[in-house]
Amino acid sequence: MIKKLAGSVREYKTVTVLTPIMMIIEAVMDVLIPFYMADLIDYGIRAGNMDEIRAIGLKLLGFGLVSIVCGILGGRFAAVASDGFASNLRHDMYHKIQSYSFANIDKFSTAGLVTRMTTDVTNVQMAFMMMVRMMFRAPMMMIFSLIMAFRINGRLALVFLTVLPVLAIGMFLMMRRAFPLFEKMFKLYDRLNAVVQENVRGIRVVKAFVREDHESEKFHKAADDIYGISVRAETILAFSQPLMQISMYTCTVLIAWIAAHLIVAGSMTTGQLMSFITYINQILMNLMMLSMIFVMFTIAGAAAERIVEVLDEVPDIRNAADRSFDLADGSVIFEDVSFGYGESRSCLKHINLNIRSGETIGIIGGTGSGKSSLVQLIPRLYDVRSGRVLVGGTDVRELDLDTLRSSVAMVLQKNVLFSGTVASNLRWGNQEATDEELAWACRLAQAEEFVLKMEGGYDAVIEQGGANVSGGQRQRLCIARALLARPKILILDDSTSAVDTATERSIREGLETYMPDTTRIVIAQRISSVQDADRIVVIDGGEISGIGTHEELLASNEIYREVYDSQNKGGDFDAPAKQ
């Protein structure tokens, strides 16, 4: 885990190494000051020797200045190193998530990924800063102070060593009990973020059904769960402070009692006692600092495991080593294809379908019949369980992913627009598209009229998620965006459901006229959306029930005929399940 996280340090290695060097130099200076303070008292002040006082005073001044400069530089380097490390870590996580297939993304919730890239990275960042700064300074201070304490009086220094086993055992027991609680707490943070995300995204539904109180209760329940487990974990770690204080005060009392006898016996000077107590306080204060680091590392350890889970996730879909970059045409062939999500049963079974390049194919079927799952196999958003999918005569698993996906444009059921302008959203389909090409795509998608009426036209602002345009307008902008890609295969997954019939017909006619060589696959619930297709595929229960033209299916396919009758006579909308 540490090796994986260390890979995100990269260009900040220099400041990462310089920080502990500065901290070690600062620790040496801080240890030397008490040593020379003893000489100042014993050989300068008590002896009344001004020359000695001036000489030792200049040394102390130099040590102090070096300590201050190193402390400032160490703080600066630590801040740069930790912020850079966190920035790289977030970049690495985000880049890795972009390489995930849909199957990989399904393993992590959206809220969980957001928590890992924000809260978890912040906790690891703080631990990293403590590690490169205090994790070096505190142990060095303890070691150097202990050496100096033994140099002053070895028998007296042994008092400190008696408390170390007590501290070590106490810290181990606290960490063992607190770590699992922090792991559980971070999972509860995921659930809290999921509740907030769900509520904000569905706020219109919440208000429409007057469910604000219910949503508030869900949020309070999630927040209370975090509060409860956080209190339990922090209560355990809170014992570290009194444990350290008891150890520190016990050492101080014992040392003062023993040292008093040594001074009376003449085997120890007042200056030595003052320096010794300073060293012991330095040791104990840095032990207390280590206890704080221990608390931070306990929290960060749980966060780091969750981060590494994201970095270690292996994308299910990757380019083959000998992949092809050549896509001959827009033909699509399904050869005995079966597919399912995760470990669930197959939602597509033994699909055999041959789509010619430039052909218009309509796909219709009941809700949950597998229509969307089928077309998601074409750009290889998922991989088949068995069989194979060929695009342009080549198995999609042997094609370069960028080549394949740049040749397949999808307008999904859920229309997504990003915050920006109309033009910036359209150019997702083609970054180099000219203004004339934008206008052409919008005319073809029947979007030009309402775009020109918007304030600013193509520079009009689109709010996050396209909140300031209607559902039908979002659909037409998404279609225009897909058209700008000039794809060999265009998939419209129920993408005109919010568009009136006349506008839908105009879009369909425009595609046939201006993009005749593009293979068009139209998924729809309305018969009118697909009846003019070259062929129509009826899917029922994950299997192909029938293939043919509108007239052929009316004559031969019972499911298609029932859907047609229901839509023309006001009956049920979805195709009935096959009995």
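Across Ile152 and Ser275, no two heavy atoms sit closer than the pair CD1-CB, 3.9 Å. Heavy atoms only, all atoms of each residue included: Leu40 and Ile53 are closest at CD1-CA, 3.8 Å. The two residues Met131 and Phe136 have their closest heavy-atom pair at O-CD1, 3.3 Å. In this structure, Thr19 and Val132 approach most closely via the heavy-atom pair CG2-O, 3.3 Å. Contact record, Asn104 with Pro315: OD1-CA, 3.1 Å, taken as the closest heavy-atom pair.
Using a cutoff of 4.0 Å between basic side-chain nitrogens and carboxylate oxygens, Glu215 and Lys218 are scored as salt-bridged.
Residues passing the side-chain contact (heavy atoms from CB on, under 4.5 Å) test with Asn319 are Arg323, Asp400, Leu401, sequence neighbours excluded. With sequence neighbours excluded, the residues that form a side-chain contact (heavy atoms from CB on, under 4.5 Å) with Met134 are Met130, Arg137, Met289, Ile293. Looking at residues two or more places apart in sequence or on another chain, you find a ring-ring contact (aromatic ring centres under 6.0 Å, His included) between Phe418 and Trp428. Contacts of Leu73 classified as side-chain contact (heavy atoms from CB on, under 4.5 Å), with partners at least two apart in sequence or in another chain: Met22, Val69, Phe77. Partners of Tyr382 under the ring-ring contact (aromatic ring centres under 6.0 Å, His included) rule, at least two apart in sequence or in another chain, are Phe102, Phe339, Tyr341.
With rounding to the nearest 0.5 angstrom, the CG atom of Asn193 is 6.5 Å from the OG1 atom of Thr118. For the atom pair Leu5 CG and Asp92 CG, the distance stands at 10.0 Å (nearest 0.5 Å). Atom SG of residue Cys70 and atom CD1 of residue Ile68 lie 10.5 Å apart, to the nearest 0.5 angstrom. Taking CZ of Arg481 as the start and CZ of Arg474 as the end, the distance is 11.5 Å to the nearest 0.5 Å. Separating the CD1 atom in Ile33 from the OG atom in Ser67 is a distance of 5.5 Å, to the nearest 0.5 Å. From Phe108, atom CZ reaches atom OG1 of Thr115 across 12.5 Å, with rounding to the nearest 0.5 Å.
Of the residues listed (Lys4, Arg306, Lys96, Lys107), the one engaging Asp312 in a salt bridge (charged side-chain N to carboxylate O under 4.0 Å, His left out) is Lys4, and it is the only one.
Residues Leu426 and Tyr458 meet the side-chain proximity criterion, which asks for heavy atoms closer than 4.5 Å. In this structure, Leu417 and Cys478 have side chains that are in contact, with non-hydrogen atoms separated by less than 4.5 Å. Side-chain contact check for Val231 versus Tyr227: some heavy-atom pair is nearer than 4.5 Å. Put simply, the side chain of Lys221 does not reach to within 4.5 Å of the side chain of Val195, judged on heavy atoms. A heavy-atom distance below 4.5 Å is not found between the side chains of Val9 and Asn88. No side-chain heavy atom of Leu89 sits less than 4.5 Å from a side-chain heavy atom of Gln125. Contact annotation: the side chain of Val396 never approaches that of Ile378 to less than 4.5 Å [non-hydrogen atoms, C-beta and beyond]. Two residues are said to be in side-chain contact when any heavy atoms from C-beta on lie closer than 4.5 Å; Ile258 and His261 fail this criterion.
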Item to check | Derivation and outcome, side chain to side chain contact (heavy atoms under 4.5 Å, CB included), residues Arg380 and Leu404 | outcome: CA-CA 8 Å; Arg380 205 186 170 198; Leu404 173 64; 3.8 Å; yes
Next on the checklist: Does Leu192 form a side chain to side chain contact (heavy atoms under 4.5 Å, CB included) with Leu188? I'd like the steps, not just the answer.
Outcome noted: CA-CA 6 Å; Leu192 179 71; Leu188 292 176; over 6 Å; no
Checklist entry - So Thr122 and Arg90, side chain to side chain contact (heavy atoms under 4.5 Å, CB included) or not? Walk me through it. => result CA-CA 10 Å; Thr122 299; Arg90 288 192 176 96; 3.3 Å; yes
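Here the side chain of Gln282 pairs no donor or acceptor atom with the backbone of Pro34 at under 3.5 angstrom. No donor-acceptor pair under 3.5 Å is formed between the side chain of Asp120 and the backbone N or O of Ile307. In this structure, Arg405 contributes its side chain and Pro379 its backbone to a donor-acceptor pair below 3.5 Å. Proximity of a side-chain donor or acceptor of Ser82 to a complementary backbone N or O of Phe128 within less than 3.5 Å is not detected. Under the 3.5 Å distance criterion, the side-chain polar atoms of Tyr94 are left unmatched by any main-chain donor or acceptor of Met117. Between the side chain of Arg133 and the main chain of Met23, no donor-acceptor pair closer than 3.5 Å is present. In terms of modelled atom types and a separation under 3.5 Å, the side chain of Tyr279 and the main chain of Ile147 share no donor-acceptor contact. Judged purely by atom type and a 3.5 angstrom limit, Ser145 has no side-chain atom pairing as donor or acceptor with the backbone of Met142.
Listed by first then second residue, pairs satisfying ring pair (Phe, Tyr, Trp, His ring centres under 6.0 Å) with a partner in residues 5-29 number zero, not counting sequence neighbours.
Residues Ser216 and Asp213 bring no donor and acceptor atom of their side chains to less than 3.5 Å of each other.
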